[in-house]
Amino acid sequence: MNKSFATQVEVPKLKDSLLLRQNAFINGEWVKAKSGNTYSVLDPATNKEIGKVPEMNVEDTKEAIKAAKESFNNWANQTAKYRHDLLQKWYTLIIDNQQDLAIILTLENGKPINEALGEIKYGASFIEWFAEEARRVYGDVIPSPIKNSKIIVQKQPVGVAGIITPWNFPNAMITRKLGAALAAGCTVVIKPSHDTPFSALALAELAVRAGFPKGVINVITTEQHAEVGLELTTNPDVKKISFTGSTNVGKLLMQQSSSTLKKISLELGGNAPFIAFDDANVEAAVEGLIASKFRASGQTCVCANRIYVQSSIYAEFASLLADKVSGFKVGSGFDPQTTHGPLINSKAVDKVTRHIEDAVAKGAEILVGGVRRDGNFFDPTVLTGMSADMIITNEETFGPVAALYKFDKDEEVIKLANNSHVGLAGYFYSRDVGRCWKVADALEVGMVGVNTGIISTCEAPFGGVKESGFGREGSKHGIDEFLNLKYISFGGL
Ligand SMILES: NC(=O)c1ccc[n+]([C@@H]2O[C@H](COP(=O)([O-])OP(=O)(O)OC[C@H]3O[C@@H](n4cnc5c(N)ncnc54)[C@H](O)[C@@H]3O)[C@@H](O)[C@H]2O)c1
Ligand SMILES: O=CCCC(=O)O
């Protein structure tokens, strides 16, 4: 691994430099913070400044909410076809500019440029999907128990939506929410992660070009997330909060939102179990694990975190995995050789280090990796001999560490897999159809990958159970998160 470790690689030039916006976006204008303050956004591969964005506060947030409120009626009352056309146009612009958007994403997040390109296409798929769904917001006509009357149910947009997103998918976590919100007829105030505001601002720039009316999309940038979050969750003009991020912050936002009883959806942390049963195709299971575990250098909420391997295939699985992981190349996302980029910041690297040190102190063995590099880089790692008392068992690592546990019986592993307060994704490999149904039914998660490590797609409902939150994004269900049902009892007919 890391025969050459390139972190300082020249950043490709943007074809369209206007996509790298350094102002926030409120009511159709590129604006500075009222205070005039800014903060620096750093490239996680080099820790060098990429640029500055406004450091916004409660006053700026109020203004963005006001703009979203004032534009709401007009937007909600447009035809679904009109909203479809704008979303479709936006989708085309995102695809046309995918290379530049990927460069911006790699710059601020660090993921390898090809993976960033993959995220841009994945992100765009939600805009395309919800452009189509905009025209399928159907209601019901229900037989009434009363003569000469009808029961009608229609769906209406909730109102202004506050959207708070993380840094690990700076593009797709925004589009997955925005596609649904805008299709439904909501207007939005987005607060992207302070680490990755540029992808959000580039999306806003393309939305301007697509022709979205002013005030429909607003983006505020800030490092003062607590203060701005408090305003978004307590301002009575915000009717919906859609949040993706950690469970602790999700709980806080839910608590705050209760003061005005906002509709909420929370996509929170995971601690995904991955099970390789003894009848699995071991090679395929290892490939699936790598796809799940090491995507975005292990920084996805659906990354496998606890890897349970049945005793009889444990040694073969571990050795094959170690072999493949040792072929990874860590470095700048702009180096075409790089398979895995940096972690987002030094805090993330500290966490990975702490998890590995704890596991090793309690008896785990490092098969490959385990090395902290300069900057925010950490070598992809395989640990064997994991046990229940280790931190990794109970806490998502959010880094490139594959932690292998040995098990014997199906009942035992299902119990272990479900022994978590969160339940986002779970994966397993088996070729026994009966076992597949049984385990898929038994796993306490919102999403199950059977003989696959990749489950994310715009067509499927993304979301969790337990303390991984509630609500679903993508699929035919995603738009409902931004709609209210209205029942009309229509008499006198
Ligand atoms: N379930 C999902 O779909 C999903 C997707 C991506 C990430 N995640 C989870 O997100 C976490 C990693 O992302 P993160 O570190 O950015 O999470 P985080 O919770 O620290 O931050 C997420 C967002 O919330 C903001 N935030 C933080 N504190 C806030 C506050 N007090 N008020 C308002 N906003 C606040 C941040 O600025 C950021 O925009 C992991 O736990 C991961 O599993 C979940
Ligand atoms: O990190 C969580 C989201 C990842 C995904 O959508 O697959």
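First listed ligand is number 1; within each ligand, the first listed atom is number 1. Note that this is a predicted model, so its numbers are computed, not measured.
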Hydrogens and angles aside, do T38 and E55 bring a side-chain donor and acceptor to less than 3.5 Å of each other? no
If you look at each N/O of ligand 1, which protein N/O atoms lie under 3.5 Å away, and at what distance?
from     : atom 1 : to   : atom 2 : distance (Å)
ligand 1 : 1 (N)  : E267 : O      : 3.4
ligand 1 : 1 (N)  : L268 : N      : 3.2
ligand 1 : 1 (N)  : L268 : O      : 2.7
ligand 1 : 3 (O)  : R176 : NH2    : 3.4
ligand 1 : 10 (O) : G245 : O      : 3.3
ligand 1 : 10 (O) : S246 : N      : 3.4
ligand 1 : 15 (O) : W167 : NE1    : 3.0
ligand 1 : 16 (O) : W167 : NE1    : 3.0
ligand 1 : 17 (O) : S246 : N      : 3.4
ligand 1 : 19 (O) : S246 : N      : 2.8
ligand 1 : 19 (O) : S246 : OG     : 2.6
ligand 1 : 32 (N) : H225 : O      : 3.3
ligand 1 : 37 (O) : K191 : NZ     : 3.0
ligand 1 : 37 (O) : H194 : ND1    : 3.4
ligand 1 : 37 (O) : H225 : ND1    : 3.0
ligand 1 : 39 (O) : T165 : O      : 2.6
ligand 1 : 39 (O) : K191 : NZ     : 3.1
ligand 1 : 41 (O) : E396 : OE2    : 2.6
ligand 1 : 43 (O) : E396 : OE1    : 2.9
ligand 1 : 43 (O) : E396 : OE2    : 3.1

From the options R176, K262, K240, K177, select the one residue that forms a salt bridge (charged side-chain N to carboxylate O under 4.0 Å, His left out) with E481. K240
For the residue pair S297 / H340, report whether a side-chain donor-acceptor contact shorter than 3.5 Å exists. no
Between CZ on residue F294 and OG1 on residue T381, distance to nearest 0.5 Å: 7.0 Å
Tell me whether K476 at atom NZ has more than 12 heavy atoms from other residues, nucleotides or ligands lying less than 6.0 Å away. no
In terms of side-chain geometry, is the basic nitrogen of E287 or K324 positioned less than 4.0 Å from the acidic oxygen of its partner? yes
What pairs with D350 under salt bridge (Lys or Arg N to Asp or Glu O under 4.0 Å), at least two apart in sequence or on another chain? R372
Tabulation required: pairs of a nitrogen or oxygen in ligand 2 and a protein nitrogen or oxygen under 3.5 Å; columns are atom names and distance to 0.1 Å; otherwise 'none'.
from     : atom 1 : to   : atom 2 : distance (Å)
ligand 2 : 1 (O)  : N168 : ND2    : 2.9
ligand 2 : 1 (O)  : C301 : N      : 2.9
ligand 2 : 6 (O)  : Y122 : OH     : 2.7
ligand 2 : 6 (O)  : R176 : NH1    : 2.8
ligand 2 : 7 (O)  : R295 : NH1    : 3.0
ligand 2 : 7 (O)  : R295 : NH2    : 3.0
ligand 2 : 7 (O)  : S456 : OG     : 2.4

K111 NZ/CZ over F169 ring centroid, <6.0 Å and within 45° of normal: yes
Which residue pairs pass the ring-ring contact (aromatic ring centres under 6.0 Å, His included) test with at least one member in residues 439-462, sequence neighbours excluded? none
